Amino acid sequence: MTIRAITTLALLALTACASPEAELAKQAPQTLVGMPKGALLSCAGVPQRSATGPDGTEYLTYGRQQTNVHRDLDWEADGWIPGLWRPEVSTWTTNYSCEATFAVRQGKVAELRYNADRDIQLCYQLIGGCLGPAR
């Protein structure tokens, strides 16, 4: 196979695994611009934080965090008793977060920004009510 064919197959495989919710959340910074503030509050709820900038821009921030606990069980031979196996358990956590900040000017959404190290699936959980159903 050529490199082009391998690259095409790899890209197709990656897009086949993409979540419709994640795609909607990625498009939200464009699709939600122009939404009235009242509609935003109706579909996203009360923000965690709000502030007003010197130019009158309102900043509404929504956040969500999730921690997953992972465990791995491994069996290891006991060094003292031949034929005896002991369980070895490893535990670790993975933290995910999304923070979505809406800039509202003149009563309408002017901009939506996510934090840099976001989990886009959590972002959908924050603002999915404003985006409609995923298909």
Side-chain angles (χ1 to χ4, degrees):
M1 268 202 240
T2 66
I3 291 180
R4 180 179 286 175
I6 292 171
T7 304
T8 303
L9 288 173
L11 287 173
L12 285 173
L14 286 174
T15 56
C17 297
S19 157
E21 291 89 2
E23 291 304 315
L24 283 173
K26 285 180 189 174
Q27 296 166 5
Q30 291 79 37
T31 58
L32 294 181
V33 169
M35 175 182 272
K37 178 184 174 185
L40 173 65
L41 293 173
S42 176
C43 64
V46 178
Q48 282 184 335
R49 294 189 314 270
S50 61
T52 303
D55 63 350
T57 301
E58 287 183 83
Y59 296 96
L60 308 176
T61 302
Y62 297 83
R64 186 172 182 109
Q65 295 180 347
Q66 179 177 321
T67 300
N68 290 346
V69 178
H70 309 276
R71 289 201 172 89
D72 184 33
L73 176 63
D74 211 8
W75 292 91
E76 299 202 2
D78 187 292
W80 295 96
I81 304 171
L84 181 64
W85 292 78
R86 294 181 300 125
E88 174 92 21
V89 179
S90 301
T91 304
W92 69 97
T93 60
T94 308
N95 297 310
Y96 301 96
S97 69
C98 178
E99 188 172 273
T101 301
F102 290 87
V104 178
R105 292 186 195 100
Q106 298 175 350
K108 295 188 181 220
V109 173
E111 183 180 18
L112 166 59
R113 288 189 179 184
Y114 297 127
N115 57 317
D117 58 344
R118 69 194 171 275
D119 177 79
I120 200 71
Q121 198 70 34
L122 281 180
C123 294
Y124 178 80
Q125 292 176 20
L126 278 173
I127 61 169
C130 301
L131 299 172
R135 294 186 173 99

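All values derive from a computational prediction rather than experimental measurement. All values below come from the heavy atoms of this structure, side chains included, with hydrogens, waters and symmetry mates left out.
Using bins of under 30°, 30° to 60° and over 60° for the plane-to-plane angle, the ring pair His70/Trp92 lands in the parallel bin.
Under the 4.5 Å side-chain criterion, counting only non-hydrogen atoms from C-beta, Leu32 is in contact with Leu131. Side-chain contact check for Leu24 versus Ser19: every heavy-atom pair is 4.5 Å or farther apart. Looking only at side-chain heavy atoms (C-beta outward), Leu60 and Ser50 come within less than 4.5 Å of each other.
One finds the CD1 atom of Ile120 at 11.5 Å from the CD atom of Glu21 (value rounded to the nearest 0.5 Å). Atom CH2 of Trp75 is separated from atom CZ of Arg86 by 10.5 Å, given to the nearest 0.5 angstrom. Here the straight-line distance linking atom NZ of Lys108 with atom CE of Met35 works out to 11.0 Å at 0.5 Å rounding. Between the CG atom in Asp119 and the OH atom in Tyr124 there is a gap of 14.5 Å [rounded to 0.5 Å]. If you take CG on Leu126 and CD on Glu99, they are separated by 9.5 Å, rounding to the nearest 0.5 Å. The CG atom of Asn95 sits 10.5 Å away from the CG atom of Asp117 when rounded to the nearest 0.5 Å.
Environment of CZ in Arg113: sparse, with no more than 12 heavy atoms of neighbouring residues, nucleotides or ligands closer than 6.0 Å. In Glu76, the CD atom is crowded: over 12 heavy atoms of neighbouring residues, nucleotides or ligands sit closer than 6.0 Å.
Residues Val33 and Phe102 are members of separate hydrophobic clusters, defined by side-chain heavy-atom contacts under 4.5 angstrom among Ile, Leu, Val, Met, Phe, Trp and Tyr.
Nearest heavy atoms, Gly129 versus Cys43: O-CB, 3.6 Å. Here the closest non-hydrogen pair linking Lys26 and Gln30 is O-OE1, 3.8 Å. When every heavy atom of Pro82 is checked against every heavy atom of Trp80, the shortest pair comes out as CD-O, 3.6 Å. The shortest heavy-atom contact between Leu73 and Pro87 is CD1-CB, 3.7 Å. Between Tyr59 and Ala103 the shortest heavy-atom distance is CE2-CB, 3.9 Å. Scanning all heavy atoms of the two residues, the minimum distance from Gln65 to Ser97 falls at CG-CB, 3.9 Å.
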Should Tyr114 and Ile127 be marked as a side-chain contact (heavy atoms from CB on, under 4.5 Å) after you check the CA-CA gap, both sets of side-chain angles, and the distance that decides it?
CA-CA 11 Å; Tyr114 297 127; Ile127 61 169; 3.1 Å; yes
